Protein chains: 2
Amino acid sequence: MATIYQVSKKAGVSLATVSRVVNNNPKVSENTRLKVLKAMQELGYRPNATAQSLASNRSNSIGIVVSELEGPFFGPMMCEIEANFRSANKHVIIAPGNSDELQEKSAIDFLISRNCDALILYVDAVSDDYLAELAKGDTPIVLINRQVSSIADRCINLDNEQGGYLATKALLDLGHQHIAYIAGPQWKVDARSRFDGHCRALKEAGIEFDSSLFYEGDYHESSGSEGMLYLHKTGRPFSAVVCGNDQMASGAMSAARDCGLRLPEDLSVVGFDDALFARYMHPKLTTVVNPVKEFGAQAAKWVLANVYDKSKVETQTVFEPELRIRDSVQPR
Amino acid sequence: MATIYQVSKKAGVSLATVSRVVNNNPKVSENTRLKVLKAMQELGYRPNATAQSLASNRSNSIGIVVSELEGPFFGPMMCEIEANFRSANKHVIIAPGNSDELQEKSAIDFLISRNCDALILYVDAVSDDYLAELAKGDTPIVLINRQVSSIADRCINLDNEQGGYLATKALLDLGHQHIAYIAGPQWKVDARSRFDGHCRALKEAGIEFDSSLFYEGDYHESSGSEGMLYLHKTGRPFSAVVCGNDQMASGAMSAARDCGLRLPEDLSVVGFDDALFARYMHPKLTTVVNPVKEFGAQAAKWVLANVYDKSKVETQTVFEPELRIRDSVQPR
DNA sequence: CTGTTAGCGCTTTCAG
DNA sequence: CTGAAAGCGCTAACAG
């Protein structure tokens with residue numbers, strides 16, 4: 001691979017000049033610029049990003065950590081972030097945290113050590129204190145789906161509690177009285193908040209929470225199935241179930257059918273997230289919209305403005321959930 | 001951020017010694033190792049990967065380019081690759097190619113300029129020649145879902161033609177005569193091969209391919225729906241449809257129902273890939289298994305062996321498809 | 001076992 | 001507008 005030195009040699013200019021044309025520095029005469037460009041062309045020169053990064057302390061790349069690389073949730077988010085940066089000629093480096101404290105920290109360390117200009121984090125396991133501390137470091141961070149008060153302006157969030165409330169409220173309004181709940185992992189704040197919303201709706205309707213109608217899953221399809229099987233087996237009657245996310249709803253619906261239930265006649269189901277596949281399910285899933293793409297777009301926007309342009313731009317930090325009613329619910 | 005120099009100062013040793021303990025060089029006395037470790041601890045030192053990479057010409061990171069960041073296909077693949085490398089203390093840098101020649105090239109350039117030790121590529125748009133040329137460069141590459149003869153040992157593939165054959169054959173065996181086909185983009189080799197397999201099965205059964213029973217989609221759900229709508233509108237009767245992948249099958253099934261068809265009574269459907277959601281659909285989708293995770297595992301294995309351990313290890317390069325029969329098909 | 005000394009390829013003052 | 005020179009933080013011979 002050709003180096004900047006070889007290019008300068010070939011073009012008969014100094015190394016600094018080559019650097020200038022690479023960086024589009026305006027104060028280079030058109031003449032020499034052309035000479036340099038030609039030399040670069042002929043040598044097939046491409047700057048070594050590592051060296052640039054070391055010398056300039058700027059990498060033009062943004063680190064992203066997500067809980068998972070797979071699944072219908074993070075894909076669109078990463079995609080949106082990437083698209084926003086691509087048009088600004090920045091690159092993303094993605095690392096999975098796997099909802100594990102050590103792995104999340106190691107992902108963050110890796111990205112920092114790689115000289116990322118900023119970090120966009122969707123993390124579950126690390127503490128607020130850790131994040132607050134991290135925010136004091138040299139690398140700017142923005143948080144998705146977390147609320148850390150000391151850096152509230154860089155926390156992008158959905159009102160999950162309200163979302164959970166809406167989901168259950170919709171069922172209540174349709175006359176359902178016995179509503180089961182298949183929750184996400186309760187140590188995660190979002191899962192917890194959604195469940196809190198469910199309880200609020202119940203309470204408001206004067207219905208007492210029945211713990212035998214509750215199952216804690218892990219946000220994946222299979223646990224939705226397990227949850228449904230479990231609930232069905234208890235024998236406790238219920239005419240509707242709300243799930244902590246769409247994936248579990250999908251698993252639950254599949255299992256419900258295996259149990260001989262007709263959907264939505266025998267059982268109404270509501271999910272959470274409005275993943276792409278929700279509208280292709282049968283029956284089409286009623287769910288709470290989680291604007292993941294917007295999260296990504298806002299996060300990217302914040303970084304572009306504050307880190308690269310150094311302009312202060314207002315970003316929306318909290319989003320309101322919205323219920324998307326489709327065919328998976330029916331009046332009682 | 002503390003540098004290696006500050007650590008050496010604090011520990012009262014030379015800079016080289018610190019480097020040695022960072023790199024687990026065995027020839028450091030236990031005593032000084034402890035001193036250095038302590039100093040590192042106190043300063044919260046973490047090596048600057050960029051500098052390490054520049055100095056050693058080794059980054060311990062592997063570049064991956066995938067067609068898309070979202071969707072049920074690439075997620076599990078990235079995940080598997082990442083998991084394999086994680087345990088070896090290597091990191092992955094993921095970049096999307098978006099099935100666009102320029103973007104794929106720019107993703108590759110980016111990864112190379114970032115000093116990746118190897119590249120794992122799932123690309124559609126760049127030419128075989130380009131890849132063959134690339135393979136001659138300094139950065140080792142392994143290809144998934146491509147066949148480039150000059151580097152056949154690093155091409156990991158599914159026999160897509162055979163997969164397409166199996167899908168249609170299954171339907172034929174069930175007595176279906178009029179089989180529609182919703183294809184992936186025909187400029188992609190995999191989509192093309194699957195369709196070729198379909199044609200072979202038809203031919204073998206003495207059935208002539210009917211072009212009015214063909215629709216070319218783009219591998220996404222929405223185009224599956226569009227395809228079904230289109231086929232339904234032509235009025236040409238068909239009792240089964242095979243789709244280029246599971247996502248289009250999902251879209252097609254949804255649209256079929258919107259057209260008033262019962263599944264699988266009125267229409268049998270078979271997909272391709274065996275994505276996770278296929279088994280949660282209703283009816284559960286019959287499909288051809290595409291061992292994406294295996295692809296990822298093999299690719300990672302190749303890199304670990306050939307790039308890092310410098311040991312030659314046999315990797316499986318071509319996988320045989322397998323039909324997974326579920327509930328979405330029925331005898332005619 | 002440990003220290004010295006060149007770089008890795010590029011950016012960035014500072015002069016001119 | 002252009003060149004010289006000093007690093008960025010770390011690794012890797014080479015001595016000792």
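Just so it is clear, the model here is predicted, and its values are computed rather than measured. Letters A, B, ... mirror the listed sequences (proteins, then strands); counts begin at 1. Values below: all heavy atoms of this structure, side chains included; hydrogens, waters and symmetry mates excluded.
Taking OG1 of A:Thr317 as the start and CD1 of A:Ile144 as the end, the distance is 12.5 Å to the nearest 0.5 Å.
Between the CG atom of A:Asn57 and the C1' atom of D:dA6 there is a distance of 16 Å, rounded to whole Å. Rounded to an integer number of Å, the gap from CG of A:Asn115 to P of C:dC10 is 16 Å. The separation between B:Lys9 atom NZ and C:dG3 atom C1' is 15 Å, rounded to whole Å. Rounded to whole Å, atom P of D:dC1 lies 10 Å from atom CG of A:Asn25.
Under the 30°/60° scheme for interplanar angles, the aromatic rings of B:His91 and A:Phe110 are found to lie parallel.
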Criterion ring-ring contact (aromatic ring centres under 6.0 Å, His included) on A:Tyr122 and A:Phe295, from CA distance to verdict:
CA-CA 10 Å; A:Tyr122 190 120; A:Phe295 288 175; 8.0 Å; no
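For the pair B:Ser99 (side chain) and B:Asp124 (backbone), a donor-acceptor distance under 3.5 Å is absent.
Considering only side-chain N and O atoms, A:Ser14 lies nowhere under 4.0 angstrom from the phosphate OP1 or OP2 of D:dA4.
For the helix from C:dC1-D:dG16 to C:dG16-D:dC1, the terminal axes (five pairs an end, C1' atoms, rotation from four pairs onto the next four) enclose an angle of 30°, given to 10 degrees.
Against DNA chain D, the stretch residues 28-41 of chain A makes heavy-atom approaches under 4.0 Å through A:Val28, A:Ser29, A:Thr32.
Within 6.0 Å of atom NZ in B:Lys35, more than 12 heavy atoms from other residues, nucleotides or ligands are found, so the atom counts as buried in its surroundings.
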Output one letter per nucleotide in nucleotides 7-16 of chain D: B when a protein non-hydrogen atom lies under 4.0 Å from the base, S when only the sugar-phosphate is that close, - when neither is.
BBBBBBB---
